[in-house]
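Presented below is the structure to which this report refers.
The chain is numbered in sequence order, starting from 1.
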Amino acid sequence: MTSTYPDTYYQPRALEKHADSILALASVFWSISYYSSPFAFFYLYRKGYLSLSKVVPFSHYAGTLLLLLAGVACLRGIGRWTNPQYRQFITILEATHRNQSAENKRQLANYNFDFKSWPVDFHWKEPSSRKESGGGPSCQGVALLRPEPLHRGTADTLLNRVKKLPCQITSYLVAHTLGRRMLYPGSVYLLQKALMPVLLQGQARLVEECNGRRAKLLACDGNEIDTMFVDRRETSEPQGQKLVICCEGNAGFYEVGCISTPLEAGYSVLGWNHPGFAGSTGVPFPQNEANAMDVVVQFAIYRLGFQPQDIIIYAWSIGGFTATWAAMSYPDISAVILDASFDDLVPLALKVMPDSWRGLVTRTVRQHLNLNNAEQLCRYQGPVLLIRRTKDEIITTTVPEDIMSNRGNDLLLKLLQYRYPCVMAEEGLQVVRQWLEASSQLEEASIFSRWEVEEDWCLSVLRSYQAERGPDFPWSVGEDMNADGRQQLALFLAQKHLHNFEATHCTPLPAQNFQMPWHL
């Protein structure tokens, strides 16, 4: 436990300090042992050390070590109890659990401690609309789009189920061991331990400099979600009335993540950590991710008091999954901004795994790690802006220099093909692909001048269609046009939905590049 503010920095006494160091070291060794246990068991088995005569003495040593660690934990407890600062903290914590008044929460926010002990600030069942109707998610979770069966039309007989069982077991084991940790390295304890000093500094900066308010949200699956809210509604800046909910990448934390971009731009901001990241509990599988995003949006609406029309979802990288889920599930949200995101996880997973594993990888992703961003985004009717990194080394399927292998391109094409199917027919698709090959503003301008794109004409066509037939997608605009007209519209729409940013995947997005999506 530490105090947030330097002038009241918590000073552990010698007994607590040394005992805490021993327990922290033991925790690191345990984590290393956990991840290396399969190799250790294989080695011990090959050497014949797993016989009963050798396991029994080892269990005695392990039991003795556990007793010693329990004694060290008791000594740490004694050291804490004899420290007046710690007793004061415990008094404030207990008072907050009994009465979550604004004053108690303000005092508790001065301390940085194990988030498991932080009282729950918002429950997923709290919104009155859910209490009265019994609606909302079940305890199992919110609704997700499920992939279609790989072999449609095949009878699902008992024999077929038995045949599929070994593959299903293998996929489950891969997803819950190697797969999840590769996809979300930020959930690995050792990485979090290494980053903890940086995370604590980032959290203190948000609280001290930005008047951030930390809160614990309880999702429908029982996971506790760590959030940070910065309120700018009292400022004179108009963008402070808008709330930007930030969805971090697979090794990102709100303490040091993409939350800084909308903060610098003057918006009110709500950041949250993935399940299993820092103060959030659980593991970051798609269902848990969507459950967490659901309670975050509910918290923004029913506790923080923002209307859906004043909420913008901003996501970086893998955060595009929860962002597109929120857009699909809360259609009244103002806008969606996806930075360095992708359309589907399968091509990126195949890129880093051996070709011989293609079937296993595809099946594992579809069944357990199905991040279907494009499919979810197409179910949202509001404004969308995609930001493509021209030197992205993560979501390209070949090399960073091959900009056409950037999966952000596929996300744009799938969105435009759904919303404007007639415009994005063969001619429109071809010219947009040419535009996507441009890696500089000069090349983009050259393509626009070659096809003589008239923005005023494009706007008049789109506005006339919207006035006659309404705003709901998909639109049939362009069905009676010639090829030149469709190509102009396709280029115009592509430019409005995707902006280039000349940077690598992990370069922070400057505040001046954080722009609201285009809309008619």
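A salt bridge links R233 with D231: the closest approach of a Lys/Arg side-chain nitrogen to an acidic carboxylate oxygen falls below 4.0 angstrom. With respect to E502 and R389, no salt bridge is recorded, no charged nitrogen being found less than 4.0 Å from a carboxylate O. Remark: D344 does not engage R407 in a salt bridge, criterion side-chain N to carboxylate O under 4.0 Å.
Within the 4.5 Å cutoff, the side chain of Q287 has no heavy atoms near those of the H368 side chain. With a 4.5 Å cut-off on side-chain heavy atoms, I259 and E248 count as touching. Side-chain atoms of P517 and I337, non-hydrogen and from C-beta on, do get closer than 4.5 Å to each other. When side chains are defined from C-beta on, Y314 counts as touching C258, because their heavy atoms get closer than 4.5 Å. Residues C210 and F229 have side chains not in contact (no heavy-atom distance under 4.5 Å, counting atoms from C-beta outward). Between Q376 and F321, the closest side-chain pair of non-hydrogen atoms falls below 4.5 Å.
Listed by first then second residue, pairs satisfying ring pair (Phe, Tyr, Trp, His ring centres under 6.0 Å) with a partner in residues 265-291 read H176-F285, Y184-H274, F253-F277, Y267-F514, W272-H274, H274-F277, not counting sequence neighbours. Sequence neighbours left out, not one pair with a member in residues 29-43 passes salt bridge (charged side-chain N to carboxylate O under 4.0 Å, His left out). Note on residues 101-110: pairs passing salt bridge (charged side-chain N to carboxylate O under 4.0 Å, His left out), not counting sequence neighbours, are E103-R106, K105-D121.
Between the H97 side chain and the S117 main chain, a donor and an acceptor come within less than 3.5 Å of each other. Remark: side-chain polar atoms of Q100 are paired, donor with acceptor, to backbone N or O of V120 under 3.5 angstrom. For the pair T364 (side chain) and L360 (backbone), a donor-acceptor distance under 3.5 Å is present. A donor-acceptor contact shorter than 3.5 Å is absent between the side chain of R232 and the backbone of Q239. Although no hydrogens or angles enter the test, the distance criterion places a donor-acceptor pair under 3.5 Å between the side chain of T322 and the main chain of G319. A donor-acceptor pair under 3.5 Å is formed between the side chain of T227 and the backbone N or O of A215. A donor-acceptor pair is defined here as one N or O able to donate and one able to accept, closer than 3.5 Å; such a pair exists between the side chain of N373 and the backbone of F342. The backbone N or O of P400 sits nowhere less than 3.5 Å from a side-chain atom of E393 that would complete a donor-acceptor pair. Without hydrogens or angle criteria, R76 side chain to V72 main chain gives no donor-acceptor distance under 3.5 Å. Distance alone, capped at 3.5 Å, places no donor-acceptor pair between the S334 side chain and the D310 backbone.
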- request: For side-chain hydrogen bond (donor to acceptor under 3.5 Å, both in side chains), just list the numbers for S317 and H505, CA-CA rounded to whole Å, side-chain angles, deciding distance to a tenth of an Å, and then say yes or no.
  value: CA-CA 8 Å; S317 191; H505 188 77; 2.9 Å; yes

- prompt: Going through the checks in order, is the side chain to side chain contact (heavy atoms under 4.5 Å, CB included) test met by L183 and I318?
  reply: CA-CA 9 Å; L183 188 58; I318 210 169; 3.5 Å; yes

Pair N291-D221, side-chain hydrogen bond (donor to acceptor under 3.5 Å, both in side chains): steps then yes or no: CA-CA 7 Å; N291 295 341; D221 53 12; 2.9 Å; yes

message: Would K242 and S268 count as a side chain to side chain contact (heavy atoms under 4.5 Å, CB included) here? Give the steps.
response: CA-CA 6 Å; K242 298 284 187 179; S268 294; over 6 Å; no

message: Could you go through S101 and N104, starting from their C-alpha distance and side-chain angles, then the distance that decides it, and tell me whether this counts as side-chain hydrogen bond (donor to acceptor under 3.5 Å, both in side chains)?
response: CA-CA 5 Å; S101 65; N104 285 341; 3.3 Å; yes

query: Are I245 and V297 close enough, and set up right, to give a side chain to side chain contact (heavy atoms under 4.5 Å, CB included), and what steps lead you there?
result: CA-CA 8 Å; I245 299 179; V297 176; 4.3 Å; yes

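What you find for T261 and L509 is that their closest heavy atoms are OG1-O, 2.7 Å. Residues A251 and P185 come closest through the heavy atom pair CB-CG, 4.1 Å. Shown here for G79 and L15, the closest heavy-atom pair between the two residues is N-CD2, 3.9 Å. Here the shortest heavy-atom pairing between I225 and A292 reads CD1-CB, 3.6 Å.
In the model, R180 has a side-chain atom that pairs as donor or acceptor with a side-chain atom of S187 under 3.5 Å. Side-chain N/O atoms of Q298 and R303 include no donor and acceptor closer than 3.5 Å. When only modelled atom types and interatomic distance are considered, Y189 and S27 share a side-chain donor-acceptor pair under 3.5 Å.
With F115 as the aromatic partner, K216 meets the cation-pi criteria of under 6.0 angstrom to the ring centre and within 45 degrees of the ring axis. For the pair R80 and F89, the cation-pi criterion (under 6.0 Å, within 45° of the ring axis) is not fulfilled.
Counted within 6.0 Å of CD on Q512, heavy atoms from surrounding residues, nucleotides or ligands total more than 12; the atom is thus considered enclosed. Counted within 6.0 Å of CZ on R87, heavy atoms from surrounding residues, nucleotides or ligands total more than 12; the atom is thus considered enclosed.
Tested against I313 for a side chain to side chain contact (heavy atoms under 4.5 Å, CB included), the candidates T324, I333, V244 yield a single pass: I333.
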